[in-house]
Amino acid sequence: MLSRVWSATIIGIEGVKVGVEVDVSGGLPKTTVVGLPDTAVQESRERVKAALKNSGFAFPVRQITINLSPADLRKEGPIFDLPISIGILAASEQVDPTYLEQFLFLGEVSLDGSLRAIAGVLPMAVTASKLGFKGIVVPKKNAQEASVVEQIEVYGLNNINEAADFLQNPSAFSPTIPELNFDDSFQQSNYNLRDVKGQHHARRALEIAAAGGHNLIFVGPPGAGKTMLARRMASILPPLSFSEALEVSQIYSVAGLLKNQGKLIQERPFRSPHHSASGVALVGGGSFPKPGEISLSHGGILFLDELTEFKRSVLEFLRQPLEDGFVTISRARQSVAFPAQFTLVASTNPCPCGYYGDTTQPCSCSPRQREQYWAKLSGPLLDRIDLQVVVSRLKPEEMIQQKIGEDSEVVKERVAKARVKAQNRFHNAKISCNAQMRSQHLREYCSLDDNSRTLLENAIRKLGLSARAMDRIIKVSRTIADLAGENNIQPPHIAEAIQYRTIDRMQ
């Protein structure tokens, strides 16, 4: 007898429907799985066999063929254990197949028949909702995670016996009630800008970066406060919207990092990989591609401390995501795109010893050493960093002062107003902040008067700026104008934006 159970798999962060077809026929006892299964799926034969027997069901001593369709799509992981189990029970007439078409089944089974939690349930629940399934059946521990998706019933079960009972009478089971408590005023960070003494220029750059989503690098000697400033950027960012939180949570679900089952991620991601991280760790990859640090930073901040200590080959991986807002990982059989719309915040010393340009500690590096040090950062990469800020060490009188700086909440209000102004401007475009503007947006929203154009033209000649660097200056000036409440870009906004291209002259 033939049966079909619907399941799903993940490509990138998107769920894809998979049909699990099971045929039980005469012949020598043998179980075959086809449809490009990986090792974990192949091993499900033994797990399912033991689980069914230990749950009181009869495992057919016949020829069993299991087909995972579409056959040209690679299948991975143990998520097909439950649909395969249900398919075998339905094909051997041990459960009623009447309701199989209405539900999507996901789950790993243990040898005793209990269901274990799996990764990636959230995007697969989104897919089930879009495809019009009545409900989705998942392990109990995944039920709250899936229940955040609207317009679909989620049933969390403990074992195969409950799955069999469910198919006999689905109405006897109650769908999971979501415990979602989404708070759009969620506190982003425990850090606060009021802890930062002095550094008014750097604090201003941090505010501009947060308001426009601009990439930022701090350059300065050890102890100047570069890392302290960077870690406080999250405290002035606006909270995630519901749609942003859902997308970020899907990425973390696929990566198996969604810690709070049933709760969306409400805090903007702040990822800080070590400088020994590989290219795969940064951009993602593997035989079955998984998201890397830049995708885990989507909607938030990727902080690269000691930027020049990263391998140059690893840093070059950042160029395409910084420009496009997504990363594409190509393999022989498929190409996967992961979202990567993040704000890059980096810090570095000005030279190997760290004291080039410092007023109190002499630099011990030769010009050749400084040149080699900065050679790790290519021109195209630096071009993509909008705000390049030199951070100096505090003076003794600034260090010992008791006066606290401006509170993060005050700065956050200004940032929020500037973001709302930008979002109102881009309501017909598929962008949300100034840093995401393309050429057509610059022409439409960033017109310059004659004085501003002359000022920018002189800066291009004097600093030798590229066309990309010019566009970045215009985007930053648009954000500065938004913070000032101005509808048009003025010469002072252009002048301030030009100041943030300083490290090109330090090398």
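Fair warning: this is a prediction, and the values are worked out from it, not measured in the lab.
With a 4.5 Å cut-off on side-chain heavy atoms, Ser276 and Phe310 do not count as touching. Side chains of Ile66 and Ile64 form a contact here, defined as non-hydrogen atoms less than 4.5 Å apart. For the pair Arg425 and Asp482, the minimum side-chain heavy-atom distance is below 4.5 Å. Using a 4.5 Å heavy-atom cutoff, the side chains of Leu82 and Val138 are not in contact. In this structure, the side chains of Leu100 and Ile86 come closer than 4.5 Å at one or more pairs of heavy atoms. The shortest distance between side-chain heavy atoms of Ser335 and Thr328 falls below 4.5 Å. Residues Ile217 and Ser347 have side chains not in contact (no heavy-atom distance under 4.5 Å, counting atoms from C-beta outward). The closest side-chain heavy-atom distance from Val18 to Ser69 is not below 4.5 Å.
Ser44 places a side-chain N or O within 3.5 Å of a backbone atom of Val41 that can act as its donor or acceptor partner. Checking side-chain atoms of Ser129 against main-chain N and O of Val126 turns up no donor-acceptor pair under 3.5 Å. Looking at Glu108, its side chain never comes within 3.5 Å of a backbone N or O of Phe80 through a donor-acceptor pair. A distance-only check finds no donor-acceptor pair linking the side chain of Arg384 to the backbone of Ala469 [under 3.5 Å]. Although no hydrogens or angles enter the test, the distance criterion places no donor-acceptor pair under 3.5 Å between the side chain of Lys75 and the main chain of Thr9. Looking at Ser297, its side chain never comes within 3.5 Å of a backbone N or O of Gly300 through a donor-acceptor pair. The main-chain N or O of Val109 is found under 3.5 Å from a side-chain atom of Asp81 such that the two form a donor-acceptor pair. Checked by atom type and distance alone, the side chain of Asp38 pairs as donor or acceptor with a backbone atom of Ala40 at under 3.5 Å. A donor-acceptor distance shorter than 3.5 angstrom exists from the side chain of Lys376 to the backbone of Thr308, with no hydrogens or angles considered. Under the 3.5 Å distance criterion, the side-chain polar atoms of Arg62 are left unmatched by any main-chain donor or acceptor of Pro29.
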### Message
Is there a side chain to side chain contact (heavy atoms under 4.5 Å, CB included) between Arg501 and Arg472? Walk through the geometry before answering.
### Response
CA-CA 10 Å; Arg501 309 296 302 188; Arg472 301 276 172 170; 4.1 Å; yes
### Message
For a side chain to side chain contact (heavy atoms under 4.5 Å, CB included) check, start with the C-alpha distance between Leu318 and Leu381, then their side-chain angles and the critical distance, and finish with the verdict.
### Response
CA-CA 8 Å; Leu318 291 170; Leu381 178 60; 4.3 Å; yes
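Between Phe103 and the options Phe173, Phe133, Phe166, a ring-ring contact (aromatic ring centres under 6.0 Å, His included) holds for only Phe166.
No more than 12 heavy-atom neighbours from other residues, nucleotides or ligands sit within 6.0 angstrom of CZ on Arg116. For CD of Gln440, the number of neighbouring non-hydrogen atoms (other residues, nucleotides, ligands) closer than 6.0 Å is greater than 12.
How far OG1 of Thr227 is from CZ of Phe303: 4.0 Å, rounded to the nearest 0.5 Å. Taking CD from Gln388 and CG from Asn215, the interatomic distance works out to 10.0 Å, rounded to the nearest 0.5 Å. A distance of 10.0 Å separates CD in Glu293 from OG in Ser278, rounded to the nearest 0.5 Å. A distance of 9.5 Å separates CD of Glu145 from CG of Leu264, quoted to the nearest 0.5 Å. Atom CZ of residue Arg271 and atom CG of residue Leu304 lie 12.0 Å apart, to the nearest 0.5 angstrom. Put simply, CG on Asn434 and SG on Cys446 are 7.0 Å apart, with the number rounded to the nearest 0.5 Å.
Residues His214 and Thr479 approach most closely at NE2-OG1, 2.6 Å, considering heavy atoms. Across all their heavy atoms, Ala91 and Val24 have their closest contact at CB-CG2, 3.6 Å.
Salt bridge present: Glu316 and Arg319 bring a charged side-chain N and a carboxylate O closer than 4.0 Å. Residues Glu244 and Arg268 are paired through a salt bridge, judged by an N-O separation under 4.0 Å between the basic side chain and the carboxylate. Classification of Lys290 and Glu76 as a salt-bridged pair holds, one side-chain N sitting under 4.0 Å from a carboxylate O.
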